[in-house]
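Not measured: the values here are computed from a predicted model. Both ligands and their constituent atoms are indexed starting at 1 by order of listing.
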Amino acid sequence: MPSPAPVSWIVVADPAALALAAAQRLLARIDANAGRAAIGLAGGSSPKQLYQLLASDAYSKRIPWDRVHWFIGDERFVPAGDARNNMLMAREIFLGRFAPRDHIHPIPTDVADPDESANRYERELKSFYGADDFDPARPLFDLVLVGVGPDGHTASLFPNYPAIAETNRWVVGVPKAHVEPFVPRVTLTLPALASCHEMLFEIAGEEKHAILTRLLAGENLPANRARSIGKTVFLVDRAAAGGDLRGG
Ligand code: 6PG
């Protein structure tokens, strides 16, 4: 397997500094695009502080809400109002207050099964993008936000699951999760996540140190295979980095 593409590592003091750095990068990506911008959000608990910051006066006033569209990299196949729904968290914390309704693009879970959901979301992404194939000169997303699970998964691409090997589809259903919550998932694939100007990993807390060490060792894990065609940035706090990385 080819060795992972080079990435940038940024180490910050703590989760608050991490949220701040992520918010600044997100704004910079939106600013760099004078037209319609697209952001891929992440689920899990890591982006919560970032979302809270985006809801603050300081940030919400700087976001040009009328030209930003919000997508999600993966979803738990539970109703939109279920507390485990990834988009619900983003909606409750910031999107619901500021984003025009038709700029919020959730993965639909009110359909028969994860495969149908994946088909629909893929159609929605293709229609937004305006083509059925990715053009490397024109990434789908300005920024894709991702996290890393304890097993090295990212989005809902779990180690050794078929979804990680998908090269054609943009979105796929995942019948069974590898970690909690054990509900079916729907996830963007590696090529869809890759179609971005920047992929931004947020990794914080001592409990992430073990998996970070494995990533740094170059293990063949989904989080080491998810790479942007543009820039890939690992934003890490000191507790997660431990002694493995140095930084500000
Ligand atoms: C999900 C996520 C998942 C998440 C990682 C990290 O639906 O759970 O999209 O990929 O980003 O598991 O989760 P935490 O941020 O909760 O550690």
Side-chain angles (χ1 to χ4, degrees), residues 12 14-16 18-19 21-22 26 39-54 70-93 95 105-109 114 117-118 121 141 143-161 163-164 166 171-190 192-194 196 199-215 221-228 232-237 239-241:
V12 295
D14 53 30
L18 193 137
L26 187 143
I39 305 294
L41 297 172
S45 55
S46 303
K48 199 168 176 181
Q49 251 182 295
L50 165 65
Y51 298 166
Q52 285 163 345
L53 199 57
L54 297 178
W70 307 88
F71 296 86
I72 189 103
D74 76 314
E75 191 52 271
R76 289 95 180 257
F77 195 71
V78 294
D82 185 298
R84 295 166 297 180
N85 189 282
N86 282 334
M87 198 53 129
L88 180 68
M89 175 177 72
R91 272 187 205 278
E92 284 187 337
I93 303 179
L95 290 181
H105 303 266
I107 290 178
T109 53
S117 169
Y121 207 52
F141 298 109
L143 183 117
V144 164
L145 200 65
V146 276
V148 177
D151 56 353
H153 79 260
T154 194
S156 285
L157 296 169
F158 299 105
N160 305 317
Y161 274 40
I164 188 73
E166 181 60 50
V171 190
V172 293
V174 179
K176 210 172 149 216
H178 190 239
V179 297
E180 282 188 332
F182 291 104
V183 292
R185 312 289 186 100
V186 180
T187 187
L188 267 64
T189 58
L190 289 179
L193 293 169
C196 61
M199 182 180 290
L200 182 61
F201 281 87
E202 276 194 299
I203 309 178
E206 207 187 334
E207 65 280 9
K208 292 284 165 82
H209 178 60
I211 192 62
L212 199 71
T213 304
R214 292 175 61 193
L215 291 177
L221 293 167
N224 264 348
R225 296 179 60 185
R227 294 291 180 264
S228 171
T232 302
V233 178
F234 276 77
L235 198 49
V236 174
D237 82 343

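Atoms of ligand 1 lying under 4.0 Å from any heavy atom of V148, numbered from 1 in the order shown and given with element: 5 (C), 6 (C). Taking every non-hydrogen atom of R185 and a distance limit under 4.0 Å, the qualifying atoms of ligand 1 come out as 1 (C), 7 (O), 8 (O). Short contacts between ligand 1 and N86, defined as distances under 4.0 Å to a heavy atom of the residue, involve ligand atoms 1 (C), 7 (O), 9 (O). Proximity to G43 (heavy-atom distance under 4.0 Å) selects the following atoms of ligand 1: 2 (C), 9 (O), 11 (O).
Shortest non-hydrogen contact noted between S228 and C196 is OG-O, 2.7 Å. The two residues A226 and T154 have their closest heavy-atom pair at CB-CG2, 3.7 Å.
Proximity of A42 to ligand 1, defined as any heavy-atom pair under 4.0 Å, is not found for any part of the residue.
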In sequence, state the C-alpha distance, the side-chain angles, and the governing distance for F201 and L215, and then conclude on side chain to side chain contact (heavy atoms under 4.5 Å, CB included). CA-CA 12 Å; F201 281 87; L215 291 177; over 6 Å; no
Would Q49 and L18 count as a side chain to side chain contact (heavy atoms under 4.5 Å, CB included) if you check the C-alpha gap in whole Å, the side-chain angles of each, and the deciding distance to 0.1 Å? CA-CA 9 Å; Q49 251 182 295; L18 193 137; over 6 Å; no
Using the rule given for side chain to side chain contact (heavy atoms under 4.5 Å, CB included), can you reason through L95 versus L41, listing the C-alpha separation, both sets of side-chain angles and the distance that settles it, and then say yes or no? CA-CA 11 Å; L95 290 181; L41 297 172; 3.9 Å; yes
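Between A155 and ligand 1 there is a heavy-atom distance shorter than 4.0 Å.
When the side chain to side chain donor-acceptor pair (under 3.5 Å) test is applied to H178, the partners found at least two apart in sequence or on another chain are D151. Residues passing the salt bridge (charged side-chain N to carboxylate O under 4.0 Å, His left out) test with D14, sequence neighbours excluded: none.
Nearest to atom 13 (O) of ligand 1 among the protein's heavy atoms is G44 CA, 3.9 Å. In terms of protein heavy-atom proximity, atom 9 (O) of ligand 1 is closest to D74 OD1, 2.5 Å. Counting protein heavy atoms only, atom 15 (O) of ligand 1 is closest to S46 OG, 2.5 Å. With respect to atom 12 (O) of ligand 1, the closest heavy atom belonging to the protein is H153 NE2, 2.7 Å.
When the heavy atoms of H178, M89, R76, E180 are ranked by distance to atom 1 (C) of ligand 1, first place goes to R76.
The side-chain contact (heavy atoms from CB on, under 4.5 Å) test with I107 is passed by exactly one of T187, N86, V186: V186.
Remark: ligand 1 and K208 share an N or O pair separated by less than 3.5 Å (distance only, no angle test).
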